[in-house]
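Here the structure comes first, spelled out in structure tokens, and everything after it is commentary.
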Amino acid sequence: MHIAEGFLPPLHAAGWTLAAAPFVIHGGRAVARERRERPETTLLLGAAGAFTFLLSAIKLPSITGSSSHPTGVGLGAVLFRPPVMAFLSTVVLLFQALLLAHGGLTTLGANVFSMGVAGPWTAYLVWCTVRRVNHTAAVFAAVALADLATYAVTATQLALAFPDPATGFSGAMAKFLGVFAVTQVPLAVVEGLLAVLVLRLLGDIARPELERLDMLPAAVTRATEAPR
């Protein structure tokens, strides 16, 4: 979804930057509050940022002016809430634009809005809805749908900027979604499964931190609290 440097018309680029800015500012405050109130989770916070950077740096060919890859934001969103991931995603996308020529500075706002705002909020809403039914399914669904929501917003951004000459916005939207779906649906499934494995691994090495974040299944928490 990294829309390339200079690919969006200037007014679109400026509009998406203005739309993303409040989420990023609020996210910066959320990161500072998280570190101040729960310093023991700093390593997990860094791991969430690194997970996002590594997965979103994978670059597969896609629509001209954009790319296809996992996003890595869903796991961080269920761990630390969406505002934190808005800020971490901005840092990740800025480094990738400057160091990897992956995305761009003029399109940073659009890329932040899709990957740092739409993806994490989708993940969190799905997580809150499904976790009462099944913890593992909630992690998988949250991460996979965060990935797909990110690309749905990218397709919207591209369709708004480049409507189809014959069918307008709706035709362009269908075209962009169709092209993204070829690579993104399987990537979303893989990312969801990977997140489940990573969270189980973290449960072995960082159980106290996950308990503070309320990220363990209720059955596991009850077993841990049971008298011996």
Side-chain angles (χ1 to χ4, degrees), residues 1-3 16-59 67 69-105 107-128 139 142-151 153-154 157 187-188 191-192 194-196 198-199 201-202 205-206 209-210 212-215:
M1 47 49 68
H2 289 66
I3 300 176
W16 288 113
T17 299
L18 290 175
F23 294 95
V24 177
I25 294 171
H26 178 54
R29 293 173 179 168
V31 170
R33 184 169 57 251
E34 178 69 28
R35 293 197 61 194
R36 183 175 61 251
E37 296 179 354
R38 293 187 292 196
E40 68 278 5
T41 63
T42 299
L43 287 179
L44 273 183
L45 194 63
F51 187 73
T52 300
F53 183 89
L54 290 174
L55 289 194
S56 62
I58 299 171
K59 191 174 182 180
S67 60
H69 53 78
T71 66
V73 297
L75 181 59
V78 300
L79 283 170
F80 292 105
R81 310 295 185 266
V84 169
M85 291 313 296
F87 180 78
L88 292 184
S89 296
T90 302
V91 175
V92 166
L93 289 167
L94 181 60
F95 271 97
Q96 290 176 344
L98 294 174
L99 302 178
L100 306 178
H102 194 20
L105 296 179
T107 54
L108 182 63
N111 292 331
V112 166
F113 195 89
S114 59
M115 195 176 95
V117 178
W121 274 106
T122 299
Y124 188 65
L125 292 175
V126 173
W127 163 251
C128 291
V139 173
V143 173
L145 291 177
D147 186 309
L148 296 177
T150 296
Y151 279 82
V153 172
T154 299
Q157 293 168 333
L187 282 175
E191 185 175 348
L194 178 62
V196 171
V198 169
L199 201 55
L201 177 63
L202 289 176
I205 63 178
E209 290 80 3
L210 291 181
R212 292 186 182 94
L213 294 171
D214 192 25
M215 277 303 300

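Checked by atom type and distance alone, the side chain of Glu191 pairs as donor or acceptor with a backbone atom of Thr71 at under 3.5 Å.
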Distance-only criterion, 3.5 Å: show the donor-acceptor pairs between side-chain atoms of residues 109-116 and protein atoms not counting sequence neighbours.
| unit_1 | atom_1 | unit_2 | atom_2 | d |
| --- | --- | --- | --- | --- |
| Asn111 | OD1 | Ile3 | N | 2.9 |
| Asn111 | ND2 | Ile3 | O | 3.3 |
| Asn111 | ND2 | Thr107 | O | 3.2 |
| Ser114 | OG | Ala110 | O | 3.4 |
| Ser114 | OG | Asn111 | O | 3.1 |

Side chains of residues 16-31: which donor-acceptor partners sit under 3.5 Å, not counting sequence neighbours?
| unit_1 | atom_1 | unit_2 | atom_2 | d |
| --- | --- | --- | --- | --- |
| Thr17 | OG1 | Ala13 | O | 2.8 |

Show the atom names and distances, to 0.1 Å, of all donor-acceptor pairs under 3.5 Å that link a side chain in residues 74-83 to residues at least two apart or in another chain.
| unit_1 | atom_1 | unit_2 | atom_2 | d |
| --- | --- | --- | --- | --- |
| Arg81 | NE | Tyr124 | OH | 3.1 |

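Residues Leu194 and Phe51 meet the side-chain proximity criterion, which asks for heavy atoms closer than 4.5 Å. By the 4.5 Å heavy-atom criterion applied to side chains, Phe95 and His102 are not counted as neighbours.
Applying the side chain to side chain contact (heavy atoms under 4.5 Å, CB included) criterion to Leu202, with sequence neighbours excluded, gives Leu44, Val198, Leu199, Ile205, Leu210. Listed by chain and residue number, Gln96 satisfy the side chain to side chain donor-acceptor pair (under 3.5 Å) test with Ser56 (two or more places apart in sequence, or in another chain). When the side chain to side chain contact (heavy atoms under 4.5 Å, CB included) test is applied to Ala47, no partner is found at least two apart in sequence or on another chain. Evaluation of the salt bridge (charged side-chain N to carboxylate O under 4.0 Å, His left out) rule for Arg35 yields no partner, not counting sequence neighbours. Leu98 is linked by a side chain to side chain contact (heavy atoms under 4.5 Å, CB included) to Leu94, Leu105, counting only residues two or more places apart in sequence or in another chain. Taking Glu34 as the reference, Arg38 meet the salt bridge (charged side-chain N to carboxylate O under 4.0 Å, His left out) condition, with sequence neighbours excluded. The salt bridge (charged side-chain N to carboxylate O under 4.0 Å, His left out) test applied to Glu40 returns Arg212, not counting sequence neighbours.
Pairing each heavy atom of Thr52 with each of Gly72, the nearest pair is OG1-O, 3.0 Å. The two residues Ala57 and Leu100 come nearest to each other via the heavy atoms CB-CD1, 4.3 Å. Considering all non-hydrogen atoms of both residues, Ala118 and Ala149 come closest at O-CB, 4.3 Å.
Dense packing is recorded around CG of Leu54, with more than 12 heavy atoms of other residues, nucleotides or ligands lying under 6.0 Å away.
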